[in-house]
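One structure below.
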Number of protein chains: 2
Amino acid sequence: MNASMTKNPENLAALRIETPPVTLREIALDRMRRAIIGGLFEPGGRLVERTLCDQLGVSRSVIREVIRHLEAEGLVEMLAKQGPIVAKLGWDDARQIYEIRAALESTAVADCARVAGANVKAQLRKAMGELERTSKQNSPIGVLDATTEFYKIVFEAGGNNIAWEIVSRLNSRISRLRVMTLSTSNRMASGPSQIREIFAAIDANNPEAAAAACRSHVTAAAAIAKTILS
Amino acid sequence: MNASMTKNPENLAALRIETPPVTLREIALDRMRRAIIGGLFEPGGRLVERTLCDQLGVSRSVIREVIRHLEAEGLVEMLAKQGPIVAKLGWDDARQIYEIRAALESTAVADCARVAGANVKAQLRKAMGELERTSKQNSPIGVLDATTEFYKIVFEAGGNNIAWEIVSRLNSRISRLRVMTLSTSNRMASGPSQIREIFAAIDANNPEAAAAACRSHVTAAAAIAKTILS
DNA sequence: GACCGTATCTTGGTATACCATCCTACAAAG
DNA sequence: CTTTGTAGGATGGTATACCAAGATACGGTC
């Protein structure tokens, strides 16, 4: 590692061959996660290993490791001597998840509002555009993705990547709820307006207003979820 | 499932034979987690699967599934085409973890203070006793365990079991830091007094005071961690 | 006809075998 | 002496074989 090798490291790094670390396990993990989130397997339903092997076309080793991962993520539960099942979600769990989201997201938007510069704001504006577009198209999962993207930018801009990890994981556990709340009533229209409010506060670099808007956003979602679940 | 079978279900459930679902994998998971937390493997060090097989006396299947779990927990990172390594922890990550802990723990102690009755208070008092005892013995990991037990009671009493899951996981990621902060200077003495403060606020059913005490507790720990890490 | 035992099938737990890839070391050619 | 090609070992990825335990269905016995 001499001087000539370390100069212009960023240029040299650019021509590094992108070796897609795409292993069977990662593909399977992704598919399984999407399948569970998308409701392809119903909550409480058993996940029979050998059946999954056939369905995904991989061996049990892969399936089992994927299940371990999903188990740690909270999407799958292990029943003693009965094997894995899709985790069920009751209102009490959902309530807690919304509370935690409210706490983490509101501080994240506040942090973001504190430091956001032109670059971040431009990214957020773009995500907002996507949100409005999908919202007009009445595409719940589109809105979901756009909202997720918005928050992702917010968290990373504020230097809260670990909180983002946590929120992502929690979101996947309530994903079915999220789609349902979006499909509910006039949420399709109100969602974007609430996000817009958050964005406005960030744009004005007003942390308190951003946090408040965010809290009311999550609280509203929780209220709808409650009517669905209980 | 007739009427006679469903009456007194709680009594019947009580005499269910406790079949310890102790699988090799769970034992191995526990051992590995403790080993990493305890610093037996150093951060960034490689975890060679076959070596671990020999060390734990199990087959690779078990090791690999355990590694998947630890990966999802954040204790292990996968390097593409190089296998698993023990996750490293920088100050930026630690900073975020302490912030999240401050948020979740302070709301949890507040919730607990709101609802705590005689039973919960007795449990907490017992945990405090353990804390004082281990503290006098200058046993950092004893203090750690006692503190953990205290918080566990707090979270569960307040109906925040999901937040507890998250906090536990975060704690395991900064566990090495926690022992180090405990070993530092007069922390061994100040720790119990701060917990005592939190307990006093819960005992008085004063949510605001409890949350404030908790925040200062976590903030103090973060400050010490910062001097160690950066 | 009701109850009990057994055979079998399903399912998860565990171990092992095989393969592709990568890293390292050594040797040969310039 | 440097460089490059190659062989060998190490390592992770994947598939499969085997086993024990639980669930289920069927047949025999009272």
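Atom set for the values below is all heavy atoms of this structure, side chains included, hydrogens, waters and symmetry mates excluded. A, B, ... follow the sequence lines: proteins, then strands. Residue 1 opens every chain.
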(request) Return the nearest nucleotide to the side chain of B:R50; candidates are C:dC18, C:dA15, C:dT11. (result) C:dC18
(request) With the side chain of A:V48 defined as its heavy atoms from C-beta on, choose the nearest nucleotide among C:dT11, C:dT14, D:dA15. (result) C:dT11
(message) Expressed as a whole number of angstroms, how long is the span from A:I63:CD1 to C:dG13:C1'?
(response) 16 Å
(request) Decide yes or no, distance alone: a donor-acceptor N/O pair under 3.5 angstrom between the base of C:dG13 and the side-chain of B:R25. (result) no
(request) Could you tell me whether the side chain of B:Q96 and the main chain of A:N161 form a donor-acceptor pair under 3.5 Å? (result) yes
(message) Without decimals, in angstroms, what is the distance between B:E49 CD and C:dA15 P?
(response) 15 Å
(request) Report the distance from atom CZ of B:R46 to atom P of C:dC22, rounded to the nearest whole Å. (result) 13 Å
(request) Would you please test A:R68 and A:E71 for salt bridge (Lys or Arg N to Asp or Glu O under 4.0 Å) and show each step? (result) CA-CA 5 Å; A:R68 276 328 135 243; A:E71 180 193 1; 3.4 Å; yes
(message) Tell me the closest heavy-atom pair linking B:I202 and B:V109, and the distance in Å.
(response) CG1-O, 4.2 Å
(message) Can you measure A:L29 atom CG to D:dT14 atom P for me and round it to whole angstrom units?
(response) 12 Å
(request) Without swapping roles, check the side chain of B:R101 against the backbone of B:N171 for a donor-acceptor pair under 3.5 Å. (result) no
(message) Between the base of D:dG13 and the side chain of B:R60, is one N or O donor paired with an acceptor at under 3.5 angstrom?
(response) yes
(request) By nearest nucleotide on DNA chain D, pick out whichever of B:P84 and B:S61 is the more 5' one. (result) B:P84
(message) Counting only side-chain heavy atoms from C-beta out, which of C:dT16, C:dT11, C:dG13 sits nearest to B:S59?
(response) C:dT16
(message) Categorize B:R64 for me: base, sugar-phosphate, or nothing, with a 4.0 angstrom heavy-atom threshold over every strand shown.
(response) base
(request) Please report, rounded to the nearest Å, how far the C1' atom of C:dG12 is from the CD1 atom of A:I85. (result) 15 Å
(message) Take a 6.0 Å sphere around CD1 of B:I141 and say whether it holds more than 12 heavy atoms from other residues, nucleotides or ligands.
(response) no
(message) Does B:L47 reach a base, just sugar-phosphate, or nothing at all? Heavy atoms under 4.0 Å.
(response) sugar-phosphate
(request) Take atom CG of A:L24 and atom P of D:dG12, then tell me their distance rounded to the nearest Å. (result) 18 Å
(request) Nearest whole angstrom, please: distance from the C1' of D:dG12 to the CE of B:M78. (result) 8 Å
(message) I need the NE2-C1' distance between A:H69 and D:dG13, as an integer number of Å.
(response) 17 Å
